[in-house]
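One structure below.
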Amino acid sequence: MNVTIVDYQSGNISSVINSFTEVAKGTVNLEVTSDINKIKSCDKIVLPGQGSFKSCLDSLNSINGLVDTLKDFAIINKKPLLGICVGLQMFADIGYEDAETKGLGWIAGKVSKIDNQKGKFKLPHIGWNEIDIQKGDKIFKDIENKSHMYFVHSYEFIPQDKSVISATTDYSSKIVCAIEKDNLFGTQFHPEKSDKTGLKIINNFLKL
Amino acid sequence: MLKNRIIPCLDVKNGRVVKGINFVELKDAGDPVEQAKIYSDGGADEICFLDITASNENRETIIDIVRKTAKECFVPLTVGGGVRTIQNITDLLLAGADKVSINTAAVKDVSFVKEASTKFGSQCIVVAIDAKKVSDNKWEVFTHGGRNKTGIDAVEFAKQVETNGAGEILLTSMDRDGTKSGYDVELLKVITDSTNIPVIASGGVGNLDHLYDGIVKGGASAVLAASIFHYGEYKIKEAKEYLNSKNVSVRL
């Protein structure tokens, strides 16, 4: 199996590469690239994302043909894709970080700042938080409910259709922290930084 | 609910872990990669490397340590010490650091924090503030491991780094560092009350009650300690179980 981690200069993806390399250990051929042809021919895609919604979209859009290739892969051909952090947020129609920015529009919804109740909750939401799993049979297979995952973000994805939510976490309100819609997966938390449980989620994705 | 983090800190000099009393009298106590792995396996919520003499020495050593550690530890890794340029940050992040902590460079010019957080995102920019009490309810920022006085008010500076996009503050009391007499809880409280970003407490931990005080009395989101873990006085797990028994929520 060929898995591509999309490297579109969105910031630091070393941890994503390290953790996938650890889990894949020779069983999966891992590529880190923005090469359109390699992306087209692979079996699964990992779309990381760090920094702001706008900076990630700008970087993605600056690589000729990349957005269309990803869309063909995930929406037309329905092959498995995992978005991590801003990688997940970009599935939305629109985001409001830095400036109002158009998202990929794969899952209807918006990305807006977490309501921290006038400073009652510190932002960014940094650290380990428990997740409430709603859909436990794919990337959360054999993951215990209320497992701890590592978060670092100030914005949240709010999908229109609540049935795509596969996990939430409590921070000032119930924040959507994982999405599953057919072949599309996304986590707001960082499985690559979430110790053994996180690596298990990565393994589940690779085994899908 | 969000858990309070326990962060063991490894002070690194010439590729080896050291921990001093008030930053002098350094003792050699191990290989940083191995230490980090032990902490990570033991339940550390994050690992922190502080390159204590980075200002004067070759940066390749710490970058190599970060690279090796990042391949073995799958919890967040924060690296600080001698981070002065955007290139320094790029190098550390590429080596596998998740967050970079900026100290002197932020004090010299707070716009560096802005530049760094704009380029890399607030999520990976930690500003380390070393503060010393100068009078009642007044703390001043110091640099160079507590040697240089800056005349800058610590509370004002904390607010400033937040405005400039810092994602977290790593607050070290220079009065307490290495003394094992506990965090400067007053300093912590005033900084956590005047900012809206997470604050990591540092400097002075001698026992597990000090960790409790940092979180409960000081309002810290995370507690950092070196020697109590380093010399094996306490295991990370013990610290967590203790805090849990006192109703402080931690990741067990």
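Labels below follow one simple rule: chain letters A, B, ... track the order of the sequence lines, proteins then strands, and each chain is numbered from 1. Side chains are part of it too, since the values below use all heavy atoms of this structure and drop only hydrogens, waters and symmetry mates. Here the structure is a predicted model, which means the values were calculated and not measured.
A:L199 touches chain B through its side chain: at least one heavy atom from C-beta onward sits under 4.5 Å away, while N, CA, C and O do not. B:R251 touches chain A through backbone and side chain together, each having a heavy atom under 4.5 Å away. Neither the backbone nor the side chain of B:A222 comes within less than 4.5 Å of any heavy atom in chain A. Residue B:K119: no heavy atom, backbone or side chain, is found under 4.5 Å from chain A. The part of A:S194 that comes within reach of chain B is its backbone (N, CA, C, O), which places non-hydrogen atoms under 4.5 angstrom from that chain. In this structure, chain B has a heavy atom under 4.5 Å from the side chain of A:H125, while its backbone stays farther away. Proximity to chain B (any heavy atom under 4.5 Å) is shown, for A:K120, by neither the backbone nor the side chain. Interface remark: B:T118 contributes no atoms to any contact with chain A (heavy atom separation under 4.5 Å). For B:C124, no part lies under 4.5 angstrom from a heavy atom of chain A.
In this structure, A:D195 contributes its side chain and B:F74 its backbone to no donor-acceptor pair below 3.5 Å. With A:K193 contributing its side chain and B:V75 its backbone, the two residues share a donor-acceptor pair below 3.5 Å.
For the side chain to side chain contact (heavy atoms under 4.5 Å, CB included) with A:K122, the qualifying choice from B:I197, B:T192, B:L2 is B:T192, the only one to do so.
When B:D45, B:V199, B:L77 are compared by the number of non-hydrogen pairs under 4.5 Å with chain A, B:D45 comes out ahead. With chain B as partner, the option from A:I126, A:D170, A:L123 having the largest number of non-hydrogen pairs under 4.5 angstrom is A:I126. Contact count against chain A (heavy-atom pairs under 4.5 Å) is highest for B:L93 among B:L93, B:N4, B:T195. Of the residues considered (B:D98, B:L94, B:V250), B:D98 shows the highest number of contacts with chain A, using heavy-atom pairs under 4.5 Å.
Side-chain atoms of B:P76 and A:W128, non-hydrogen and from C-beta on, do get closer than 4.5 Å to each other. In this structure the side chain of B:K71 never reaches within 4.5 angstrom of the side chain of A:T21, judged on heavy atoms.
Between A:E130 and B:K3 there is a salt bridge, since a side-chain N of the basic residue sits under 4.0 Å from a carboxylate O of the acidic one.
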